[in-house]
Colleague: 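Sharing a structure, written as structure tokens. Questions coming.
Note that ligands are numbered from 1 as they come in the structure, with each ligand's atoms numbered from 1 the same way. Side chains included, hydrogens not; waters and symmetry mates left out as well; all remaining heavy atoms used.
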Amino acid sequence: MRIILIGFMASGKTTVGKAIANKLGLKFIDMDREIEKEENCSIADIFKEHGEAYFRMAETNLLKNVIYKEDVVISTGGGVVTKEENIDILKTQENVIFLDANVETLVRNVSSEVEKRPLLKESFDVQKKISNMLSSRYDKYIRASKLIIDTNNKNVEEVVGQILVYIG
Ligand code: S3P
């Protein structure tokens with residue numbers, strides 16, 4: 001069993017991922033945290049010191065690696081779908097689940113954590129930035145996923161419940 005969560009920053013991938021892993025007795029892998037461990041550096045510092053392209057390369061390398069792991073729940077970074085190569089990899093997988101949150105929900109969730117997110121922290125208008133980024137990525141999340149869950153106004157248990165029904 002391998003469950004892969006995709007979706008925008010602050011859509012709840014980590015929280016939901018940990019909860020499903022717990023429920024099903026699977027290992028939880030957060031790709032951002034794995035990259036931070038490998039690089040011995042925070043995501044924000046990787047972006048600052050090496051740039052986004054370097055981070056995206058590390059992300060693709062890790063994705064190629066983790067999709068062969070068994071009995072895992074994998075939480076991806078929100079930008080994993082920005083590379084077609086990554087979408088192709090995700091499309092080979094059965095349980096790729098898109099946590100679909102709207103701009104309002106994302107702004108609410110991200111407000112306390114903007115500093116950790118290099119692509120948002122320079123923005124004067126975070127809502128506009130999220131809205132633009134989400135528009136350019138939305139179709140990619142759809143294409144990469146097998147199941148779409150509208151997470152707006154749902155708590156973690158409700159989202160987890162929907163995932164459990166899907167995987168049967
Ligand atoms: C990114 C999302 C982040 C992290 C990096 C880039 C993005 O992951 O990978 O800051 O491009 O949307 P989360 O979705 O876990 O915040």
Side-chain angles (χ1 to χ4, degrees), residues 3-21 27-67 72-90 93 96-123 125-145 147-152 154 156 159-160 163:
I3 297 169
I4 304 175
L5 301 178
I6 67 171
F8 204 80
M9 288 174 261
S11 58
K13 292 164 294 185
T14 302
T15 315
V16 169
K18 280 182 181 166
I20 310 170
K27 186 171 183 270
F28 176 69
I29 299 176
D30 185 313
M31 287 187 54
D32 284 345
R33 299 295 82 75
E34 291 299 312
I35 293 171
E36 287 180 331
K37 268 192 256 167
E38 272 172 23
E39 299 286 328
N40 199 19
C41 193
S42 71
I43 299 288
D45 285 343
I46 296 172
F47 269 71
K48 202 163 68 193
E49 283 164 30
H50 303 286
E52 182 171 353
Y54 178 91
F55 172 78
R56 295 296 171 206
M57 211 171 59
E59 187 174 48
T60 298
N61 289 340
L62 178 63
L63 182 65
K64 286 179 178 162
N65 193 353
V66 291
I67 55 141
V72 285
V73 179
I74 300 164
S75 166
T76 57
V80 75
V81 295
T82 55
K83 276 167 80 177
E84 279 302 315
E85 182 184 4
N86 296 349
I87 296 180
D88 289 342
I89 294 170
L90 290 166
Q93 300 295 302
V96 178
I97 300 167
F98 171 30
L99 301 187
D100 184 6
N102 63 27
V103 176
E104 198 189 340
T105 302
L106 294 170
V107 169
R108 200 171 47 232
N109 292 353
V110 89
S111 56
S112 58
E113 294 205 328
V114 169
E115 278 308 305
K116 287 191 207 152
R117 295 184 156 98
L119 294 174
L120 297 179
K121 77 174 183 185
E122 308 295 337
S123 283
D125 185 341
V126 171
Q127 172 155 358
K128 188 148 197 219
K129 177 81 179 173
I130 289 178
S131 171
N132 289 342
M133 285 175 77
L134 185 60
S135 306
S136 73
R137 290 177 178 181
Y138 195 77
D139 158 71
K140 298 172 199 272
Y141 291 127
I142 302 283
R143 281 195 285 124
S145 60
L147 174 72
I148 302 160
I149 300 183
D150 176 349
T151 61
N152 299 298
K154 287 200 185 103
V156 177
V159 176
V160 168
I163 293 174

Colleague: If hydrogens are left out, which of A58, G79, P118 has an atom nearest to atom 7 (C) of ligand 1, that is, the closest non-hydrogen atom?
Modeller: G79
Colleague: As an exercise, identify every atom of ligand 1 less than 4.0 angstrom from a heavy atom of I43.
Modeller: 5 (C), 10 (O)
Colleague: Counting heavy atoms only, which of E52, R56, E36 is nearest atom 6 (C) of ligand 1?
Modeller: R56
Colleague: Measure up the F98 and Y141 rings against each other and bin them: parallel (under 30°), tilted (30 to 60°), perpendicular (over 60°).
Modeller: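 Parallel, since the angle between the ring planes stays under 30°.
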Colleague: Salt-bridged, R56 to E85, with N to O below 4.0 Å?
Modeller: no
Colleague: Among protein heavy atoms, which sits nearest to atom 12 (O) of ligand 1, and what does the distance come to when rounded to 0.1 Å?
Modeller: R137 NH1, 2.7 Å
Colleague: For G78, is at least one N or O under 3.5 Å away from an N or O on ligand 1?
Modeller: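 Indeed, backbone or side chain, G78 has an N or O that close.
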Colleague: What atoms of ligand 1 come within less than 4.0 Å of a heavy atom belonging to F55?
Modeller: 9 (O)
Colleague: Starting at CG of D100, measure out to CZ of F8 and round the result to the nearest 0.5 Å.
Modeller: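 Atom-to-atom, D100:CG and F8:CZ are 12.0 Å apart.
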Colleague: Is there a donor in the side chain of N132 and an acceptor in the side chain of S135, or the other way round, less than 3.5 Å apart?
Modeller: no
Colleague: Under 4.0 Å from ligand 1, counting heavy atoms only, is it the side chain of T82, its backbone, both or neither?
Modeller: neither
Colleague: Heavy-atom distance under 4.5 Å between the side chains of M9 and M133, does that happen here?
Modeller: yes
Colleague: Tell me, which protein residue and heavy-atom name are nearest atom 15 (O) of ligand 1, and how many Å apart are they?
Modeller: D32 OD2, 2.9 Å
Colleague: Quick one: nearest non-hydrogen protein atom to atom 14 (O) of ligand 1, plus distance?
Modeller: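 Result: K13 NZ, 2.5 Å.
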Colleague: In the protein, what heavy atom is nearest to atom 16 (O) of ligand 1, and what distance, to one decimal place, separates them?
Modeller: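 It is R117 NE, 3.0 Å.
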Colleague: Before accepting this row, confirm whether a basic side-chain N of the pair R143/D139 lies closer than 4.0 Å to the acidic partner's carboxylate O.
Modeller: yes
Colleague: What are the two closest heavy atoms between G7 and K13, and how far apart are they?
Modeller: O-NZ, 2.8 Å
